[in-house]
Amino acid sequence: MEVLTIQAFCVTNPLVGLSPTALRLYSALEVFRDVHSSEKSREWFRAPQRDKRLQQIGFSGEQIHQGLAELVNAGLLQIRNESEQWYQLK
């Protein structure tokens with residue numbers, strides 16, 4: 001029987017191996033995406049750290065920054081820089 005490593009599971013499902021904070025942030029971004037979406041393209045949304053509700057549900061500014069970095073590294077989030085940052089969940 002083949003024993004799979006955590007890296008093998010990460011290839012199949014990029015959510016495997018993320019920190020609990022990044023997983024909570026990913027779920028929260030799904031909800032907040034509709035509130036902050038672009039008028040031109042609904043899949044892009046504005047900087048979530050500006051939404052006070054993330055802080056109200058227990059995210060510090062540093063946790064948001066670290067969680068976003070984890071999601072980008074896992075290929076679950078894309079960032080576009082214009083006059084402000086826009087995000088797209090994958």
Side-chain angles (χ1 to χ4, degrees):
M1 184 162 130
E2 183 180 349
V3 176
L4 297 176
T5 64
I6 189 89
Q7 290 80 13
F9 284 109
C10 289
V11 170
T12 305
N13 183 351
L15 293 173
V16 172
L18 291 179
S19 70
T21 300
L23 288 171
R24 285 182 57 228
L25 182 60
Y26 185 78
S27 296
L29 291 177
E30 287 282 347
V31 174
F32 290 115
R33 176 177 50 185
D34 293 335
V35 175
H36 298 288
S37 65
S38 167
E39 292 177 8
K40 297 177 191 175
S41 182
R42 299 283 303 158
E43 68 265 3
W44 289 93
F45 56 97
R46 280 182 280 130
Q49 63 267 32
R50 293 190 180 156
D51 193 311
K52 297 289 185 206
R53 291 177 291 180
L54 283 176
Q55 293 171 354
Q56 290 172 348
I57 60 173
F59 286 103
S60 70
E62 183 62 27
Q63 287 176 316
I64 294 169
H65 179 72
Q66 289 176 347
L68 291 174
E70 271 191 69
L71 294 173
V72 168
N73 289 338
L76 294 169
L77 182 71
Q78 183 178 356
I79 299 174
R80 181 178 76 193
N81 288 307
E82 293 176 353
S83 59
E84 65 180 321
Q85 287 186 327
W86 290 86
Y87 299 87
Q88 179 184 31
L89 291 173
K90 300 286 182 164

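Just so it is clear, the model here is predicted, and its values are computed rather than measured.
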Could you pull out all residues at least two apart from Glu30 that satisfy salt bridge (charged side-chain N to carboxylate O under 4.0 Å, His left out)?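 Counting only residues at least two positions away or on another chain, Glu30 forms a salt bridge (charged side-chain N to carboxylate O under 4.0 Å, His left out) with Arg33.
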So, do Leu71 and Tyr87 sit near enough that their side-chain heavy atoms are less than 4.5 Å apart?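 With C-beta onward as the side chain, the pair stays apart.
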Please, which pairs that meet side-chain hydrogen bond (donor to acceptor under 3.5 Å, both in side chains) have at least one residue in residues 17-26, sequence neighbours excluded? Ser19-Glu70
Distance-only donor-acceptor hits, side chain of residues 59-67, under 3.5 Å, sequence neighbours excluded:
residue : atom : partner : partner atom : Å
Ser60   : OG   : Gln63   : N            : 3.1
Glu62   : OE2  : Gln66   : NE2          : 3.1
Gln63   : OE1  : Ser60   : N            : 2.9

Between Trp86 and Trp44, which heavy-atom pair has the shortest distance, and what is it? O-CZ3, 3.5 Å
Which pair of non-hydrogen atoms, one from Phe45 and one from Leu29, has the smallest distance, and what is that distance? CE1-CD2, 4.0 Å
Results of side-chain hydrogen bond (donor to acceptor under 3.5 Å, both in side chains) for Gln88 - residues two or more places apart only: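 Result, side-chain hydrogen bond (donor to acceptor under 3.5 Å, both in side chains) vs Gln88: none returned.
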